[in-house]
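Read through the structure below, which is laid out as structure tokens, and then see the notes.
Every heavy atom of this structure was used, including side-chain atoms; hydrogens, water molecules and symmetry mates were not. Chain A is the first sequence line, chain B the second, and so forth, proteins listed ahead of strands; every chain is numbered from 1.
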Protein chains: 2
Amino acid sequence: MGSDDDLPTVVARMWGREPASRRGPRPGLTLRRITDAAIAIADAEGLAGVRMSSVAARLDVSTMSLYGYVTSKDDLLTAMVDAAAPDPPEPGTLAWRDYLTRWTRAHRDFLAAHPWLLEVSPLTPPVGPRTLRWLDRALTVLGGAGLGGAEAVNIASTLSAYAVSAATLQTAMSGTVDEAGPEGPAGYTALLARLVDPGGYPGLAAAIESGAFGAAPDWVEDADFTFGLTLLLDGIEALIARRRRSAGPGARRRP
Amino acid sequence: MGSDDDLPTVVARMWGREPASRRGPRPGLTLRRITDAAIAIADAEGLAGVRMSSVAARLDVSTMSLYGYVTSKDDLLTAMVDAAAPDPPEPGTLAWRDYLTRWTRAHRDFLAAHPWLLEVSPLTPPVGPRTLRWLDRALTVLGGAGLGGAEAVNIASTLSAYAVSAATLQTAMSGTVDEAGPEGPAGYTALLARLVDPGGYPGLAAAIESGAFGAAPDWVEDADFTFGLTLLLDGIEALIARRRRSAGPGARRRP
DNA sequence: GGGATACAGTGTATAACGTACGGAATTACA
DNA sequence: TGTAATTCCGTACGTTATACACTGTATCCC
């Protein structure tokens, strides 16, 4: 690990490498305190409520003082994403399948707890200690099961995407996001019913009629989640078996 | 399908129900022409280049005239998402598995062709004729295979999420999005190498060393895509078999 | 045919927000 | 003690979305 100087400043601070300043007044803030404030606002009012001014106000400092810790609002968002993530569950002695189940569920849970993450996170690759630790734990466990390299990264991304998808669905259904539709989630079903004609959209019309879009209570949502996750894990299990059979520590073959 | 009056205006127009105006000058624009212009800008300059003013300029009209067709910029974005989606592949006589393979691949492809979709789309549930047609075709095919209701919707979402995940990865790797890191995708690997210590992040460190994050040429990316998709489809296939065995047209049991 | 009327398009004005810049206060080191 | 680094702050500016009032035009009704 080289010198920290040429790292993007926020990234450095996210990793706890705050510059040891010698002269001048003591810094009155921490990146951590700033992100905490911003997260509190986002949780309460949604991402739209997060303004440089509102964050500063909550900390009783001027707007501009924040720019000593982040170089832009985008930086702040990046730091928020990492700070909002809890520590991932630790593998312990769990079998890979049990662990990944936990991992994915916990992933979904913290996304659902901070819905605004869904508006920011997906684009940018992880750069903070927390988000990278999530990735690491998944890779570690997959490594223990005999999968590595790009393959493992791919699987981790897919599981992560599944968590995002589940959290999105869940959030949309509970209508927490800005009351998206005219009258929330029930409004969405109603809207679809008005728009969709069975001629052009036979499958969709059937699904609507079967109530598949109805607001789902939590336990149903969770059954659906487990169900889809099982699909994924079954596939992974098959792959692991195949790898175990075909090779020792050999690399993956490619055309 | 009821009267169109109380539909959100943009939604109505997305579905081709432009109001048949009787008096006054003919509208000089179409929602379609507006979204096309906006999409062209987004493709060329990224989502940030899409301003009400820039879109209007490209159409040689004043900024404010757009507000006759959309009630806000958010509306415009919603309409763009739908307009940017091509028609989904038609099932024809394909087996469900072949069709869903095509479907998912085509999904990923159009997302990758318009990377800005990844910044907008995931939040909002589909409301336009194109995006809903995508959903419909998946549901139709799944229905033919014996799956319906919430289960089928779930599977479709999962496949869609997988396409998003693949497109995101692909875009991040080719560094098309704003040159995200300091020096693009190679910069990301370098950054990770500098931050991650093998003690705290064993799995991640191993993956980095194995070059799993290296920029991947297209064909490798595609192999990875097919690979992950196979996992999913295997899971679905197992489910279909189970359903076929256990029941006729009966409903899904729940506690 | 001649108004009245509704409606498309425009210009100007406003408000919100991010952020550049320069100054003042503060602390460590020479 | 003075000097330099460094923090925080006030003000100012530019960008962007959008409200409002106005102008012109094409249809409807008489």
Value in whole Å for how far the [atom2] atom of [N] lies from [atom1] of [X]:
X       : N      : atom1 : atom2 : answer
A:Tyr67 : C:dG22 : OH    : P     : 17 Å
A:Leu66 : C:dC17 : CG    : P     : 15 Å
A:Glu45 : C:dA16 : CD    : C1'   : 15 Å
A:Met64 : D:dA12 : CE    : P     : 14 Å

Atom pair [atom1]/[atom2] of [X] and [Y] - distance to nearest 0.5 Å:
X        : Y        : atom1 : atom2 : result
B:Ser72  : B:Leu66  : OG    : CG    : 11.5 Å
A:Arg133 : B:Leu204 : CZ    : CG    : 11.0 Å
B:Asp82  : B:Leu132 : CG    : CG    : 7.5 Å
A:Arg108 : A:Tyr162 : CZ    : OH    : 8.5 Å
B:Asp75  : B:Thr9   : CG    : OG1   : 6.0 Å

Strictly below 4.0 Å, heavy-atom distances to any atom of DNA chain D: list the hits from residues 51-63 of chain B, or just say none.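 The answer is B:Arg51, B:Met52, B:Thr63.
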
Under the 3.5 angstrom rule, does the side chain of [X] hit a backbone N or O of [Y] as a donor-acceptor pair?
X        : Y        : result
A:Thr140 : B:Gly203 : yes
A:Thr104 : A:Ala163 : no
A:Tyr69  : A:Leu29  : yes

Using the closest heavy atom to pick a nucleotide of DNA chain C for each, name whichever of A:Ala48 or B:Leu29 lands nearer the 5' end.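 Final value for this comparison: B:Leu29.
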
Electrostatic pair B:Arg105-B:Asp109, nearest N-O below 4.0 angstrom: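 Looking at B:Arg105 and B:Asp109, the cut-off is not met.
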
Please confirm whether the ring centroid of B:Trp103 lies under 6.0 Å from the ring centroid of B:Phe110.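 Centroid separation for B:Trp103 and B:Phe110: 6.0 Å or greater.
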
Where along nucleotides 21-30 of chain D does protein come under 4.0 Å, by heavy atom, of base (B) or sugar-phosphate alone (S), with - for untouched nucleotides? ---BBBBS--

Axis bend over the full length of the helix from C:dG1-D:dC30 to C:dA30-D:dT1, computed from five pairs that close each end, to 10 degrees: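 One end axis against the other gives 0°.
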
A:Tyr69 side chain near D:dC8 phosphate (N/O to OP1/OP2, under 4.0 Å):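 Checking D:dC8 against A:Tyr69, a side-chain N or O does come within under 4.0 Å of OP1 or OP2.
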
For atom CD of B:Glu209, is the number of surrounding heavy atoms from other residues, nucleotides or ligands below 6.0 Å larger than 12?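 No, the 6.0 Å shell around CD holds no more than 12 heavy atoms from other groups.
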
